[in-house]
S.K.: 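Can you read through this structure? Questions will come right after.
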Amino acid sequence: MSSNVPISSSNITAPTPQNTPLNHAPIAAGLSRPTVPDITEDKEEENDDHDENDLRGQALAMVQGKLAALIGKNSGYLESLPVEVKRSVEALKGVQVKQNEIQNQYKKECLELEKKYLAIQKPLYERREGIINGSAEPTAEEIEQGEKQSLKDDEDYAPLPKDVPSGPAAIPEFWLTALRNHIGLAELITERDEAALKHLIDLRLSYLNEKDHEGKPGFKISFVFEANEFFENNVLDKSYLYQDEVGYSGDFVYYKGIGTEIKWKEDKDLTKEYEIKKQRNKNTNRTRLVRKARPTESFFNFFSPPEPPSDEDLENGKYDEEEIEELEDKFQLDYQIGEDLKEKIIPRAIDYFTGKALEYDMMDDDDDDDDYEDLDDDDDEARFEDDSESEVELAPRRRGPPKGRGGAPANASNVNPEECKQQ
């Protein structure tokens with residue numbers, strides 16, 4: 001991923017003399033809190049602090065307001081350059097076009113390389129599926145290699161007894177356990193979902209080809225189920241589509257996700273809750289019982305991904321700032337889960353089943369802490385007194401896709417970058 005903003009366009013420009021976002025402005029970046037002389041020495045200390053904070057806040061708001069007024073305005077610098085220098089500037093843009101073409105080809109070849117090595121790993125994935133489901137017997141060599149790795153991970157590991165009868169032995173609820181041991185997915189799986197996910201027998205990765213979804217590049221995650229009492233489908237697919245060309249950062253940019261329509265059996269739809277309501281006929285005064293369905297949280301909402309807003313809707317102001325932020329969060333979550341399934345859970349399923357992967361996931365979260373600094377009491381108190389004026393985030397929001405793995409849907413070219421601030 002090259003951006004933490006999921007609702008964005010591939011043609012959003014970088015900061016220039018014409019368009020410098022406030023949060024990246026050189027002045028704002030090094031701006032310290034203004035100091036204000038104490039003009040109320042005869043008042044109590046509490047009032048001194050309060051007034052001083054007010055004045056500081058006013059001064060800071062004034063500076064930020066002036067900076068905000070500069071956003072998107074032409075500084076006149078480029079226009080002031082001599083024509084021969086302008087020719088050089090345009091020539092550099094031409095060189096950049098060629099660089100972009102090479103980067104685009106490089107990323108496409110990387111994608112082909114991923115496909116090649118997925119094909120090489122396919123026999124191992126099939127072997128893994130057989131062992132998990134009890135259709136294949138583990139070999140002595142596989143067990144020996146596994147025990148060596150266990151001893152390497154834990155010096156107190158006790159080797160298995162050698163007198164155990166050989167034969168296949170299925171691992172119950174393997175994939176449900178692996179999914180629950182992923183920090184993000186654990187938040188999505190409800191107790192009701194677990195009953196259905198117990199029937200999950202394999203997770204598979206594949207890449208889209210020219211016949212899939214208008215020939216756009218991308219990948220597909222397939223959830224393979226045994227026959228169950230919840231839905232008719234044996235396979236639930238979730239496809240992630242990229243744009244045809246790489247984005248500004250040089251990475252593939254997500255276009256949208258497409259999920260399988262789940263064919264729920266009667267009264268088994270886990271994405272809905274049902275309630276019984278009484279209704280009275282206005283004419284006859286008779287009452288009846290009506291069952292109404294309402295959406296509810298469920299892992300299986302994953303197969304009904306959010307639709308990217310159209311440029312037209314954004315231009316017409318169909319979405320307000322709060323709705324855009326809500327869409328942003330939905331896209332970030334959707335694409336992060338897809339990437340984690342592709343890059344982490346499927347290739348390292350056994351590590352998620354045993355919980356080994358949790359150690360590394362927690363290390364990633366610890367790295368995020370470096371992006372934040374402690375607030376003093378005054379800042380924290382001010383944050384709660386006037387939330388509408390503060391840009392402080394007291395808790396990190398879920399990240400978008402990992403770096404280098406794509407960005408976001410394209411259909412949002414007119415989103416104000418100040419409305420979708422980077423984390």
Side-chain angles (χ1 to χ4, degrees), residues 118 122 125-136 170-182 184-209 211-214 216 218-241 254-274 291 293-308 330-331 333-347 349 352-353:
L118 177 62
K122 186 177 179 181
Y125 284 140
E126 292 175 346
R127 176 68 181 160
R128 181 178 71 181
E129 180 186 359
I131 294 174
I132 290 172
N133 299 325
S135 61
I171 305 175
E173 302 180 14
F174 177 90
W175 287 107
L176 171 58
T177 303
L179 294 177
R180 284 190 304 196
N181 278 339
H182 179 275
L185 283 167
E187 298 176 0
L188 302 182
I189 298 173
T190 68
E191 290 185 9
R192 298 169 69 233
D193 295 329
E194 291 180 1
L197 289 173
K198 288 179 181 179
H199 298 285
L200 181 61
I201 58 175
D202 200 21
L203 271 181
R204 299 171 185 170
L205 169 66
S206 59
Y207 288 90
L208 305 180
N209 57 50
K211 297 180 181 179
D212 297 324
H213 308 299
E214 303 176 359
K216 288 190 176 297
F219 64 93
K220 178 172 66 176
I221 307 293
S222 297
F223 292 70
V224 183
F225 288 85
E226 62 186 357
N228 61 82
E229 69 271 27
F230 293 94
F231 40 80
E232 304 284 349
N233 315 63
N234 291 325
V235 180
L236 300 180
D237 292 327
K238 179 68 174 291
S239 298
Y240 286 92
L241 278 59
Y254 283 115
Y255 175 59
K256 66 176 182 179
I258 300 175
T260 296
E261 180 182 354
I262 303 176
K263 299 177 181 178
W264 295 101
K265 296 181 180 180
E266 188 175 0
D267 297 335
K268 294 295 185 178
D269 190 341
L270 297 173
T271 65
K272 295 178 181 178
E273 284 184 338
Y274 297 91
R291 190 177 70 160
R294 62 182 179 187
T296 189
E297 294 183 356
S298 171
F299 167 79
F300 290 93
N301 288 321
F302 175 71
F303 297 98
S304 299
E307 284 289 332
K330 288 181 179 179
F331 277 109
L333 175 60
D334 188 53
Y335 291 126
Q336 181 67 68
I337 294 300
E339 285 289 347
D340 281 3
L341 287 166
K342 171 177 177 282
E343 299 292 331
K344 295 181 177 182
I345 296 176
I346 290 179
Y352 279 92
F353 175 80

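Note that the structure is a prediction, hence the values are computed from the model and not measured. FYI, the numbering just counts along the sequence from 1.
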S.K.: Set out, in order, the CA-CA distance, both residues' side-chain angles and the distance that settles side-chain contact (heavy atoms from CB on, under 4.5 Å) for D269 and I262, then state yes or no.
M.R.: CA-CA 9 Å; D269 190 341; I262 303 176; over 6 Å; no
S.K.: Under the rule for side chain to side chain donor-acceptor pair (under 3.5 Å), what residues qualify as partners of K238, not counting sequence neighbours?
M.R.: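 Side chain to side chain donor-acceptor pair (under 3.5 Å) list for K238, sorted by chain: Y240, D334.
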S.K.: Apply salt bridge (charged side-chain N to carboxylate O under 4.0 Å, His left out) to K330 and list each qualifying residue two or more places apart in sequence or on a separate chain.
M.R.: E326
S.K.: Describe, in one word, how the ring planes of F302 and F223 are oriented to each other, choosing from parallel (under 30°), tilted (30 to 60°) and perpendicular (over 60°).
M.R.: perpendicular
S.K.: Under a 4.5 Å cut-off applied to non-hydrogen side-chain atoms, are F303 and T271 in contact?
M.R.: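 Contact flag for F303/T271 side chains = no.
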S.K.: Is there a side-chain contact between I346 and R128, using heavy atoms and a 4.5 Å cut-off?
M.R.: yes
S.K.: With sequence neighbours excluded, what pairs up with D237 under the side chain to side chain donor-acceptor pair (under 3.5 Å) test?
M.R.: S222
S.K.: Can you list the residues that meet the salt bridge (charged side-chain N to carboxylate O under 4.0 Å, His left out) rule with K216, with sequence neighbours excluded?
M.R.: D244
S.K.: Can you name the ring-ring contact (aromatic ring centres under 6.0 Å, His included) partners of Y125, sequence neighbours left out?
M.R.: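 Y125 satisfies ring-ring contact (aromatic ring centres under 6.0 Å, His included) with no residue once adjacent residues are dropped.
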S.K.: With no hydrogens and no angle check, just 3.5 Å: does a side-chain donor-acceptor pair link N301 and E297?
M.R.: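 Judged by distance alone, the side chains do not pair up.
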S.K.: Measuring only between side-chain heavy atoms, which start at C-beta, is K256 closer than 4.5 Å to Y335?
M.R.: yes
S.K.: Can you name the residues that form a salt bridge (charged side-chain N to carboxylate O under 4.0 Å, His left out) with E273, not counting sequence neighbours?
M.R.: R294
S.K.: Atom OH of Y352 and atom CG of N181: how far apart are they, to the nearest 0.5 Å?
M.R.: 9.5 Å
S.K.: Side chain to side chain contact (heavy atoms under 4.5 Å, CB included) with E232: which residues, sequence neighbours excluded?
M.R.: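 Scan of E232 (side chain to side chain contact (heavy atoms under 4.5 Å, CB included), adjacent residues dropped) gives K263, K265.
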S.K.: Enumerate, atom names and distances included, each donor-acceptor pair closer than 3.5 Å involving a side-chain atom of residues 197-206, sequence neighbours excluded.
M.R.:
residue, atom, partner, partner atom, Å
H199, ND1, E226, OE2, 3.1
H199, NE2, E229, OE1, 3.4
D202, OD2, R204, NE, 2.8
R204, NH2, E129, OE1, 3.4
R204, NH2, E129, OE2, 3.0

S.K.: Side chains of I345 and L185, heavy atoms from C-beta outward: is any pair under 4.5 Å?
M.R.: yes
S.K.: Which residues pass the side chain to side chain donor-acceptor pair (under 3.5 Å) test with R180, sequence neighbours left out?
M.R.: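 Residues passing side chain to side chain donor-acceptor pair (under 3.5 Å) with R180: E194.
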S.K.: Are L208 and L241 packed together at the side-chain level, in the sense that at least one heavy-atom pair is separated by less than 4.5 angstrom?
M.R.: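 A side-chain contact under 4.5 Å exists here.
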S.K.: Are F231 and L236 close enough that some pair of their side-chain heavy atoms sits under 4.5 Å apart?
M.R.: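 When only atoms from C-beta onward are counted, L236 and F231 do touch, with a gap below 4.5 Å.
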S.K.: For Y207, what residues pass the side chain to side chain donor-acceptor pair (under 3.5 Å) criterion, not counting sequence neighbours?
M.R.: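 Partners of Y207 under the side chain to side chain donor-acceptor pair (under 3.5 Å) test: E114.
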S.K.: Under the rule for side chain to side chain contact (heavy atoms under 4.5 Å, CB included), what residues qualify as partners of L270, not counting sequence neighbours?
M.R.: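 L270 satisfies side chain to side chain contact (heavy atoms under 4.5 Å, CB included) with R192, D193, A196, F230, W264, S298, F300 once adjacent residues are dropped.
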